[in-house]
Engineer: 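Pasting in a structure now, in structure tokens, and then I'll have a few things to ask.
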Amino acid sequence: MNEVIEKKDFIRDIIDEDIKNGKHKKIKTRFPPEPNGYLHIGHAKSICLNFGISQEYQNATCNLRFDDTNPEKEEMEYIDSIKEDVKWLGFDWGENLFHASCYFDKLHKFAVYLIEQGKAYVDNLSFEEIREYRGTLTKAGKNSPYRDRSIEENLNLFEEMRNGNVEEGKCVLRAKIDMKSPNLNMRDPVIYRVKKSDHPKTGDKWCIYPMYDFTHGYSDAIEGITHSLCTLEFEDHRPLYDWFLDQLPAEWFPSRPRQIEFSRLELTYTIMSKRMLIQLVKENHVSGWNDPRMVTISGFRRRGYTPKSIREFMKGVGISKSKGYVEFSNLEYYIRQELNATSPRVMAVIDPLKVVITNYPEDKVEEFDVEINPEDKSSGTRKVPFCREIYIEKSDFMEEPSKKFFRLRPDGEVRLKNAYFIKCEEIIKDNKGNIIELRCSYDPLSKGGNSPDGRKVKGTLHWVSVKHGKKIEVREYDRLFKTEFPGKETGNFLDDINSESLTIKKHCIIEPAFFDYNKNTRYQFMRNGYYYPDPFDSTKEKPVFNQIVKLKDTWQNVKK
RNA sequence: UGGGACGUGGCCAAGUUGGCAAGGCACAGGACUUUGACUCCUGCACUCGCUGGUUCGAGUCCAGCCGUCCCAGCCA
């Protein structure tokens, strides 16, 4: 498209090399989620990598494959949500939707073949015994007494397992590799276990299910995957991945896939573990998988993040093998960047403070034409009504401000955006001393926001007419955790939950112009941030906005 | 001497065959500004975990050391 030189990474370098030397003509990748939870932003990295590659190379494709080999944890709900999330992120698997469970028949045959080749055996050791026999990190394992059964016996026993005549946990099928291997994964890994539970896809057809290591490489090979990209913790599994592939005739498969590992995405101030995410949901620390504070794809979607901003973020982060935490502010940069360019501006007061302009006529109403988005001149203008009583933001007035504060102060003058200069004349308080209203005067000559005498005001405030403003609810979000690395101190991530991560503001006022109300519009509430109508709770009658991200706030830093 | 990997500025991350440290985020100054936003300048590693070695020259090669992470599920 454009002349931007895309930054490559070590994986794309490998692919380039494989194409250059003729190893592959068509590149095939896959995104292989296990449907045991919702996708999070860490998955998005893998999705962008795998599907991204399929878009960049000639005739390349990326399969969506559910790694559904453990029916106890997997559910249809998750399968559906994963599809929705991948699509939302902007990727399309076309016809290439698969399930590892599609290959259960083949996988079973492969297992039988391994037995026939003397490369697999049925083991009657108990769960505990298997662990004992495996040895430790520093001590070699020892062979199971059942390791040298005859091929016939193994075949019969495996058939018994398959037919449901074996109880769960009584025996497993194991690969016969090397109990003394320094790589624990090679110490006769289990490849089939008995599980008498129904599978979301295959129902009650099977009572034995293959393990990940056995399943994954073969599924890749069956699908003709050329590059099997996974995260670092599978590095130790690569020898096993290759071993399984080596045991079957290469002609049985369209490709010999190569596993390449990269580091997973970690973000500060959050957790990315599925186990912890599911705990947040199940224990009601959040409202659900799509709570806008969650780092799930559905959470970001509901919050108002755009798929593009997430994709751009992933490009910015890059792919490498060194692990680390990306600062959350890095992600926020990308959503601000996009929304600054695209979102309609609107004035909304989150914490209203009433201002009466004492010298402005009682019943007069003026309308100002205001740019919808100064970054996009084609967006046109909107009408903003002005009258004697308006709301400004509470935080835009200080009774005893520092010199650096250049918003409204007693006797101070400030500009109401696109309207007039006003000067604070009087502060009205309730009997507890709270400021409940301001009396100001305006300069009729400053209409539009400039004074003919050329005098400057430093501050410009957003405002909404009391008479014309509409009430909305705003939900403001802070980080779900108050520390960069939740759980680092106490060992329990729940200890670091930020109890103030959600603030509901029920009495916010927005200018009437936002009523080209569109569920899918992300607005900039001027001088505040970006906001998105909650897809579930917002209605035209009772609008509810989620804060996507605050505007960058240098004033915060000045205050410190 | 279990095995596997990683270690470039606060964070992420480029650094092909050794030639003398990209970029982004963050941060700090400044300009501009009817959003303290955006935009635009400027600054931000005499140094690449450490120590030696090879070389005219090393982040890139060699050796040793140090640090961090992953692996002992019939999870993926």
Side-chain angles (χ1 to χ4, degrees), chain A residues 7-9 13 32-34 36 67-70 72-74 123 125-127 130-132 134-141 168-174 181-187 189-195 208-209 211-213 215-216 230-239 261 263 265 268 274-275 313 315-334 336-337 340-341 345 347 370-371 374-375 404-407 415-419 421 448-450 457-462 484 524-529 550-558:
Chain A
K7 188 178 75 185
K8 295 249 176 175
D9 49 68
D13 289 344
E34 183 190 11
N36 66 345
D67 221 329
D68 54 351
T69 56
N70 186 356
E72 284 169 7
K73 293 184 176 174
E74 296 152 9
D123 196 351
L125 253 26
S126 70
F127 192 95
I130 286 185
R131 190 169 59 222
E132 277 173 42
R134 184 154 35 227
T136 68
L137 294 178
T138 51
K139 245 179 286 173
E168 281 187 29
K170 286 299 176 195
C171 58
V172 292
L173 184 68
R174 292 231 251 170
S181 171
N183 181 345
L184 294 261
N185 295 121
M186 301 299 273
R187 320 240 261 228
V190 171
I191 61 187
Y192 260 96
R193 76 285 214 194
V194 176
K195 270 189 197 295
I208 55 171
Y209 292 95
M211 298 285 288
Y212 165 83
D213 288 301
T215 308
H216 204 86
C230 63
T231 45
L232 256 23
E233 65 272 26
F234 290 101
E235 242 159 354
D236 288 341
H237 294 244
R238 186 162 13 104
E261 311 85 12
S263 72
L265 175 72
T268 55
K274 261 193 198 177
R275 195 205 95 227
F313 167 66
K315 270 190 212 166
V317 167
I319 300 289
S320 77
K321 293 196 69 156
S322 53
K323 19 192 147 196
Y325 282 76
V326 175
E327 289 170 347
F328 205 92
S329 58
N330 201 164
L331 208 205
E332 293 178 330
Y333 167 80
Y334 287 92
R336 285 196 190 105
Q337 182 81 3
N340 174 55
R345 314 284 129 127
M347 291 196 283
V370 181
E371 284 178 305
E375 303 285 328
K404 290 279 211 171
F405 183 85
F406 50 78
R407 278 113 95 143
R415 171 169 40 232
L416 295 178
K417 179 143 176 90
N418 295 296
F421 286 3
N450 278 310
V457 293
K458 184 87 170 125
T460 301
L461 310 186
H462 61 282
E484 268 190 297
Q524 185 195 92
F525 290 2
M526 297 200 80
R527 302 208 310 131
N528 261 316
K550 289 180 174 67
L551 240 38
K552 200 171 165 189
D553 189 1
T554 315
W555 171 236
Q556 285 297 336
N557 299 337
V558 175

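Keep in mind that the numbers below use all heavy atoms, side chains included, and drop hydrogens, waters and symmetry copies. First the proteins, then the strands, lettered A, B, ... as listed; each starts at 1.
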Engineer: Let's see if you can work this out: which of C74(B), G36(B), U35(B) has an atom nearest to the side-chain heavy atoms of Phe405(A)?
Structural biologist: G36(B)
Engineer: Which part of the nucleic acid, if any, lies within reach of Val172(A) when heavy atoms closer than 4.0 Å are counted: base, sugar-phosphate only, or nothing?
Structural biologist: base
Engineer: Would you please confirm or rule out a distance under 4.0 Å between OP1 or OP2 of C27(B) and any side-chain N or O of Lys552(A)?
Structural biologist: yes
Engineer: Do side-chain atoms of Thr460(A) reach the backbone of Lys417(A) as a donor and acceptor pair under 3.5 angstrom?
Structural biologist: no
Engineer: Phosphate oxygens OP1/OP2 of A76(B): is one of them under 4.0 Å from a side-chain N or O of Thr69(A)?
Structural biologist: yes
Engineer: Can a side chain N or O of Ser322(A) be found less than 4.0 Å away from OP1 or OP2 on A13(B)?
Structural biologist: yes
Engineer: So if I take every side-chain heavy atom of Asp13(A) and compare against U35(B), G3(B), G15(B), which nucleotide ends up nearest?
Structural biologist: G15(B)
Engineer: Using a cut-off of 4.0 Å on non-hydrogen atoms, how would the nucleic acid contact of Asp123(A) be classed: base, sugar-phosphate, or nothing?
Structural biologist: nothing
Engineer: Under 4.0 Å, heavy atoms only, any strand: does His462(A) hit a base, just the sugar-phosphate, or nothing?
Structural biologist: nothing
Engineer: Describe the nucleic acid contact of Ile319(A) in one word from base, sugar-phosphate, nothing, applying a heavy-atom distance below 4.0 Å.
Structural biologist: sugar-phosphate
Engineer: Counting the atoms with a prime plus P, OP1 and OP2 as sugar-phosphate, which does Arg134(A) contact under 4.0 Å by heavy atoms, base, sugar-phosphate, or nothing?
Structural biologist: sugar-phosphate
Engineer: Check whether the side chain of Gln524(A) and the base of U35(B) form a donor-acceptor pair under 3.5 Å.
Structural biologist: yes
Engineer: Does the side chain of Arg193(A) get closer than 4.0 angstrom to OP1 or OP2 of C75(B) through an N or O atom?
Structural biologist: yes
Engineer: Does Arg527(A) place a side-chain N or O at less than 4.0 Å from the phosphate oxygens OP1/OP2 of G36(B)?
Structural biologist: yes
Engineer: Looking at every strand, decide which applies to Lys139(A) at a 4.0 Å heavy-atom threshold: base, sugar-phosphate, or nothing.
Structural biologist: nothing
Engineer: Is the phosphate of U35(B), meaning OP1 or OP2, less than 4.0 Å from a side-chain N or O of Thr460(A)?
Structural biologist: no
Engineer: Salt bridge (Lys or Arg N to Asp or Glu O under 4.0 Å), that's the test. Do Lys321(A) and Glu261(A) meet it? Break it down for me.
Structural biologist: CA-CA 7 Å; Lys321(A) 293 196 69 156; Glu261(A) 311 85 12; 3.8 Å; yes
Engineer: Quiz question: going by heavy-atom distance under 3.5 Å, is there a donor-acceptor pair between the base of G36(B) and the side chain of Gln556(A)?
Structural biologist: no
Engineer: Within the 4.0 Å heavy-atom criterion, would you say Leu137(A) contacts the bases, only the backbone, or no part of the nucleic acid?
Structural biologist: base
Engineer: Given G7(B), is OP1 or OP2 found less than 4.0 Å from the side-chain N or O atoms of Lys321(A)?
Structural biologist: no
Engineer: Paired with A26(B): which nucleotide, if any, by Watson-Crick or G-U wobble criteria at under 3.5 Å for both distances?
Structural biologist: none
Engineer: Pick base, sugar-phosphate or nothing for Phe127(A), based on heavy-atom distances below 4.0 Å to the nucleic acid.
Structural biologist: base
Engineer: Describe the nucleic acid contact of Asp67(A) in one word from base, sugar-phosphate, nothing, applying a heavy-atom distance below 4.0 Å.
Structural biologist: sugar-phosphate
Engineer: Please classify the nucleic acid contact of Asp236(A) as base, sugar-phosphate, or nothing, using heavy-atom distances under 4.0 Å.
Structural biologist: base
Engineer: Using a cut-off of strictly less than 4.0 Å, decide whether Tyr212(A) has a side-chain nitrogen or oxygen near OP1 or OP2 of C75(B).
Structural biologist: no
Engineer: Rounded at 0.5 Å granularity, tell me how far CD in Glu74(A) sits from CG in Asp68(A).
Structural biologist: 5.5 Å
Engineer: Just call it for Tyr325(A): base, sugar-phosphate, or nothing, with non-hydrogen atoms closer than 4.0 Å on any strand.
Structural biologist: sugar-phosphate
Engineer: NA contact type, Ser126(A), heavy-atom cut-off 4.0 Å: base, sugar-phosphate, or nothing?
Structural biologist: base
Engineer: Under 4.0 Å, counting only non-hydrogen atoms across every strand here, what does Leu173(A) touch: a base, just sugar-phosphate, or nothing?
Structural biologist: nothing
Engineer: Base, sugar-phosphate alone, or nothing: which one does Pro374(A) contact when heavy atoms must sit under 4.0 Å apart?
Structural biologist: base
